[in-house]
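Contents: one structure, followed by commentary.
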Amino acid sequence: MQRLRSHRRIAQVCLALGVIAGCPASAFGQAATRAQVEARLPALEALAQQAIDAGDVPGLAIAVVYGDETLFLKGFGRREVGKPDLVGPDTVFQVASLSKPVTSTVVAALVSEGVVGWDSRVADLDPGFRLHEPYPASQVTVRDFLNHRSGLPGSAGDDLEGIGYGRDDILRRLRLVPPSSSFRAGYAYSNFGFTEGAVAAAGPTNKPWDVVAREKLFGPLGMTSTSTRHEDFLTRIDRAALHVRRDGVWTAGIRRDPDAQAPAGGVSSNVRDLARWMQLQIGNGLFEGTQRIAGAALAQTHVPLTARGTNPVTGGASFYGLGWNIEYGRHGLVWGHAGAFSVGAQTLVSIHPDAKLGIVLLTNAFPSGVPEGLADSFADLVFDGRIRKDWLKDWGETYTSMFGPSASANRAVYGRPPANASASLPLSAYTGRYANAYVGNAEVAQIDGRLTLTVGPGGARTYPLRHFDRDLFLCFPEAEAPDNPSAIRFAVGSDGKATAVTLDALNANGFGTLDRSSE
């Protein structure tokens, strides 16, 4: 159950906020000269260094692209607090959901080659996959999944990843999850829906996703430090650690293995490689004089398909395309996407297509307002010659209010037992095995006079339980917030033994109740 509550909130909120997005080039965009951009790079560098000096993040890397040139590549701060290694332009970061526009570029390459179409049905590409309802299951397309409009609830599968399930098991269980909206009628940001769309698109190649990504994008563009495999990230000597705040201090030590959702959140890269990828986007598939991806195929990723409302920080009208956020903002049209791991990463790409200007920012901490704040500040400098407001402050306050230490409602409810708390039944009343089709098996055991809960494939996760009141216990499943409680509720039968257990952290889609299974 590690990361579940914060992970869901990031999926639902972070991309709605941490986005500077855009749309295909049009009369609404602003232009910029190379000289304009170059003139503002010293100010960007100074702002980045100020953010490091202020402790806003431990480490940061930035690339700025203009047309087919990379004008700025630099790292700031440290790869890990307390260690001397500095961040440079070749430092590899986990980019989290910035993986999505990278993935849609890979799929665009497959579309360009005629391997698959944006409107190819997943039922034809991956016949074993099912959604809950027959009609969507038969009609859902690659485009639907990469646009988050399949009807699949946004959090579906995230909870299973948190307790150790791999991609195949998670995708197979999605058929159990009822839709959160009618097919193609609602937007729900879904990591595992997106993953299924990409994996299905790669199906006709008969190659694993990581191989397809390498052959279709990373290799041709010379992105030699980019991968979708966590194993590859761990082999990089020059890599950034993840950081979260503990008692106001940035602390490293938590690892995040996103292999299960690699197309949605598993890319690791550096700003040097991502600058090459931004050049491909700005060139509409043209890179170093060669048309690597057909312009018509790549352009489809930047078309606004689903309205997402108004960005509450910038005020821009926001839409979603295929792995890209599309925003009509104060400087015209921008394509972008943010990424975040609640265990310590925050990233952003922002491309102004009419100006042929792109910026990517990678940080090794969460939460902060640094990527969005710097990108907004730089855009103001380039297009207006001055920064309109303190974007770093506004974005920082927004993220802190939503994800900071005071943001947990659970702490308020379960911070201390009620004054009239009842004692539990004998602990043996709760011990035993429980199961349902979605979560699988769980076991409650008594060890040294305390209960533990074990869940996940092969007992992948074990959590000590703390008594709260009668048949209600607490566990603390979030590694990045070890003081954030989650409720475990037992239903007790007439014989005085628990008949079922409900795990709040796994109950977002109604699958948190597990019935006692036969001993």
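The closest donor-acceptor contact from the side chain of Asn364 to the backbone of Arg79 lies under 3.5 Å. Judged by distance alone, the side chain of Gln36 and the main-chain N or O of Leu381 form no donor-acceptor pair under 3.5 Å. Between the Ser104 side chain and the Pro101 main chain, a donor and an acceptor come within less than 3.5 Å of each other. Without hydrogens or angle criteria, Thr103 side chain to Ala264 main chain gives no donor-acceptor distance under 3.5 Å. A donor-acceptor pair under 3.5 Å is formed between the side chain of Asn311 and the backbone N or O of Val313. Arg246 places no side-chain N or O within 3.5 Å of a backbone atom of Val249 that could act as its donor or acceptor partner. When atom types are taken as modelled, the side chain of Ser112 and the backbone of Ala294 share a donor-acceptor pair closer than 3.5 angstrom. No donor-acceptor distance shorter than 3.5 angstrom exists from the side chain of Tyr165 to the backbone of Ala260, with no hydrogens or angles considered. For Thr363 (side chain) and Gln346 (main-chain N/O), a donor-acceptor pair under 3.5 Å exists by modelled atom type. The backbone N or O of Gly55 lies less than 3.5 Å from a partner atom in the side chain of Trp250, making a donor-acceptor pair.
Evaluation of the salt bridge (charged side-chain N to carboxylate O under 4.0 Å, His left out) test over residues 62-73, restricted to residues two or more places apart or in two chains, returns Arg34-Glu69. Residue pairs meeting the salt bridge (charged side-chain N to carboxylate O under 4.0 Å, His left out) criterion with at least one partner in residues 198-209, sequence neighbours excluded, are Lys207-Glu215. Applying the salt bridge (charged side-chain N to carboxylate O under 4.0 Å, His left out) test to pairs two or more places apart or on separate chains, those with a residue in residues 263-274 are Asp90-Arg272.
In this structure the side chain of Asp144 reaches within 4.5 angstrom of the side chain of Phe183, judged on heavy atoms. Proximity of Val57 to Phe76: side-chain heavy atoms (C-beta onward) are nowhere separated by under 4.5 Å. Residues Pro258 and Gln94 are in side-chain contact: their nearest non-hydrogen atoms beyond the backbone lie under 4.5 Å apart. Residues Thr251 and Val81 have side chains not in contact (no heavy-atom distance under 4.5 Å, counting atoms from C-beta outward). At a threshold of 4.5 Å between non-hydrogen side-chain atoms, the residues Ser269 and Trp277 do not count as touching. No side-chain heavy atom of Val87 sits under 4.5 Å from any side-chain heavy atom of Leu60. Considering only heavy atoms from C-beta on, Thr290 comes within 4.5 Å of Arg292 through its side chain. No side-chain heavy atom of Pro367 sits under 4.5 Å from any side-chain heavy atom of Met402.
The side-chain hydrogen bond (donor to acceptor under 3.5 Å, both in side chains) check on Ser368 picks up nothing, with sequence neighbours excluded. Partners of Lys389 by side chain to side chain contact (heavy atoms under 4.5 Å, CB included), not counting sequence neighbours, listed by chain and number: Trp391, Asp394. With sequence neighbours excluded, the residues satisfying side chain to side chain contact (heavy atoms under 4.5 Å, CB included) with Thr70 are Val65, Leu73, Ala275, Gln279. In this view, Arg143 and Trp118, Asp119, Thr141, Arg149, Gln300, Leu305, Leu322 satisfy the side chain to side chain contact (heavy atoms under 4.5 Å, CB included) rule, not counting sequence neighbours. Residues satisfying the side chain to side chain contact (heavy atoms under 4.5 Å, CB included) test with Val199, not counting sequence neighbours, are Arg167, Thr195, Pro263. Every residue was checked against the ring pair (Phe, Tyr, Trp, His ring centres under 6.0 Å) condition with Phe378, not counting sequence neighbours, and none meets it. Applying the ring pair (Phe, Tyr, Trp, His ring centres under 6.0 Å) rule to Phe233 yields the partners His230; only residues at least two apart in sequence or on another chain are considered. Remark: Lys74 engages Glu45 in a salt bridge (charged side-chain N to carboxylate O under 4.0 Å, His left out) (not counting sequence neighbours). In this structure His148 satisfies the ring pair (Phe, Tyr, Trp, His ring centres under 6.0 Å) test together with Tyr187, Tyr189, Phe194, Tyr320, sequence neighbours excluded.
Here the OG1 atom belonging to Thr235 is positioned 8.5 Å from the CZ atom belonging to Arg229, to the nearest 0.5 angstrom. The CG atom of Asp376 lies 7.5 Å from the OG atom of Ser350; values are rounded to the nearest 0.5 Å. Separation of atoms CZ (Phe218) and OG1 (Thr228) is listed at 6.0 Å; rounding is to 0.5 Å. Atom CG of residue Leu357 and atom CD1 of residue Ile282 lie 7.0 Å apart, to the nearest 0.5 angstrom.
Stacking of Arg256 on the aromatic ring of Phe341 is recorded, both the 6.0 Å distance cut-off and the 45° axial limit being met.
The two residues Phe366 and Ser342 come nearest to each other via the heavy atoms CD2-CA, 3.7 Å.
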Q. Side chain to side chain contact (heavy atoms under 4.5 Å, CB included) between Leu274 and Leu362: does it pass, once the steps are laid out?
A. CA-CA 10 Å; Leu274 291 173; Leu362 309 179; 4.0 Å; yes
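In summary, the side chains of Thr91 and Asn270 do not present any donor paired with an acceptor at a separation below 3.5 Å, with no hydrogens or angles considered.
The aromatic rings of Phe383 and His352 lie tilted to each other, with the angle between the two planes from 30° to 60°.
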